Amino acid sequence: ERQRYPEETVNIFKAAFTAGLVGWLYGGLPAFHQARKAFIAGSHGELFQNRADAVQSAHRAGLRSFIRYGWRWSWRVTAFVTMFNVVSTGLSVYRNKTTISNFASAGGFTGALFRMHLGLQGLAGGFVFGTACGIPAGGLLMLMQKLAGETLQEKRNRERRELYEQKLAEWQSRLSVTEVLGQTESSAQGGSDMSKRI
């Protein structure tokens with residue numbers, strides 16, 4: 001109706017991008033430092049043209065590890081956060097209210113899905129761990145919405161009400177124009193009938 005994406009969808013995309021960036025930094029920075037140290041420790045017998053060449057080679061080794069291990073963490077964290085947000089947002093939109101149980105269910109589902117390959121014990125453990133992590137995450141998100149002054153449901157309800165009132169006002173203005181045209185047409189027909197009689 002508004003020719004734009006819903007705010008929930010935009011928030012899911014923003015969270016996925018942020019999670020990917022944080023995951024990349026979380027996996028990449030330690031790998032960068034470790035690879036650089038390993039290169040320096042293992043390259044004592046190598047000959048370099050100058051100090052800048054040695055430093056550049058160490059940085060390249062670190063950068064390769066940053067990209068490799070950063071990517072490994074990035075896609076996993078992005079998938080986890082996106083799945084968690086899709087389930088919790090879907091439950092919130094479907095139920096038209098945000099509760100801790102939405103986030104607990106989303107955490108349990110996502111945790112179970114990520115540990116499903118470990119069998120039934122992994123599935124149960126992932127469910128318990130995901131639920132335990134979903135509750136504080138949901139509480140934090142609900143607290144942030146309260147501090148913002150308006151929850152997403154309140155904002156969505158307000159926007160729906162404003163849209164309804166706007167469409168109602170447009171409809172009433174069109175109706176009044178139609179009534180005025182109808183009165184003008186009937187008075188014009190009444191005037192022409194009178195002129196024919198005279």
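Just so it is clear, the values below take in all heavy atoms, side chains as well, and ignore hydrogens, waters and symmetry mates. Keep in mind that this is a model prediction, so the values were computed, not measured.
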J.: Report yes or no: do Phe129 and Phe84 belong to one cluster of Ile/Leu/Val/Met/Phe/Trp/Tyr joined by side chain heavy-atom distances under 4.5 Å?
T.: no

J.: Can you tell me if Ser65 uses its side chain to pair, donor with acceptor, with the backbone of Gly62 under 3.5 Å?
T.: no

J.: Hey, could you give me the CG/CG distance between Leu141 and Asn85, rounded to the nearest 0.5 Å?
T.: 7.5 Å

J.: For the CG atom on Leu120, are there more than 12 heavy atoms of other groups (residues, nucleotides or ligands in this structure) within a distance under 6.0 Å?
T.: no

J.: For Pro136 and Ala132, which heavy atoms make the closest approach, and how far apart are they?
T.: CD-O, 2.9 Å

J.: Can you tell if the side chain of Leu163 reaches within under 4.5 Å of the side chain of Gln166, non-hydrogen atoms only?
T.: yes

J.: Please report the interatomic distance CZ(Arg161) to CZ(Arg158), rounded to the nearest 0.5 Å.
T.: 7.5 Å

J.: For Tyr69 and Phe32, run side-chain contact (heavy atoms from CB on, under 4.5 Å): C-alpha distance rounded to whole Å, both residues' side-chain angles, the deciding distance at 0.1 Å, then the answer.
T.: CA-CA 9 Å; Tyr69 292 104; Phe32 176 83; over 6 Å; no

J.: Quick check: do Phe66 and Leu25 have side-chain heavy atoms less than 4.5 Å from each other?
T.: yes

J.: Run the side-chain hydrogen bond (donor to acceptor under 3.5 Å, both in side chains) test against Thr9 and tell me which residues pass, sequence neighbours left out.
T.: none

J.: Give a yes or no on this: more than 12 heavy atoms of other residues, nucleotides or ligands lie within 6.0 Å of atom CD of Gln121.
T.: no

J.: How long is the gap from CZ on Phe39 to CZ on Arg36, to the nearest 0.5 Å?
T.: 10.5 Å

J.: Please set out all donor-acceptor pairs under 3.5 angstrom arising from side-chain atoms of residues 72-79, sequence neighbours excluded.
T.:
residue : atom : partner : partner atom : Å
Ser74   : OG   : Gly20   : O            : 2.9
Thr78   : OG1  : Gly20   : N            : 3.1
Thr78   : OG1  : Ser74   : O            : 2.7

J.: Are Trp71 and Phe17 connected into the same hydrophobic cluster when the rule is that any two of I, L, V, M, F, W, Y join if their side-chain heavy atoms are below 4.5 Å apart?
T.: no

J.: Measure the NZ-CG distance between Lys97 and Leu91 for me, rounded to the nearest 0.5 Å.
T.: 11.5 Å

J.: Looking only at side chains, do Thr110 and Arg115 share a donor and an acceptor under 3.5 Å apart?
T.: no

J.: Considering all heavy atoms of both residues, which atom of Ala15 and which atom of Val81 are nearest to each other, and what is their separation?
T.: O-CG1, 3.9 Å

J.: Indicate whether any N or O donor in one side chain lies under 3.5 Å from an N or O acceptor in the other, for Ser88 and Asn102.
T.: no

J.: Determine whether Ile12 and Thr82 satisfy the following criterion, side-chain contact (heavy atoms from CB on, under 4.5 Å), listing intermediate values before the conclusion.
T.: CA-CA 6 Å; Ile12 289 172; Thr82 302; 4.3 Å; yes

J.: Look up atom CE in Met142 and atom OG1 in Thr98, then write down how far apart they are to the nearest 0.5 Å.
T.: 6.5 Å

J.: Tell me the closest heavy-atom pair linking Arg95 and Thr99, and the distance in Å.
T.: NH1-OG1, 3.4 Å

J.: Look at the side-chain heavy atoms of Ile, Leu, Val, Met, Phe, Trp and Tyr, link any pair under 4.5 Å apart, and say whether Leu123 and Phe109 land in one connected group.
T.: yes

J.: Would you say Trp24 and Tyr26 are hydrophobically clustered, going by side-chain heavy atoms of ILVMFWY under 4.5 Å?
T.: no

J.: Once rounded to the nearest 0.5 Å, what's the spacing between atom CD of Gln172 and atom CG of Leu168?
T.: 4.0 Å

J.: Do Val128 and Ile135 sit in one hydrophobic cluster, given that two such residues count as connected whenever their side-chain heavy atoms are within less than 4.5 Å of each other, even indirectly?
T.: no

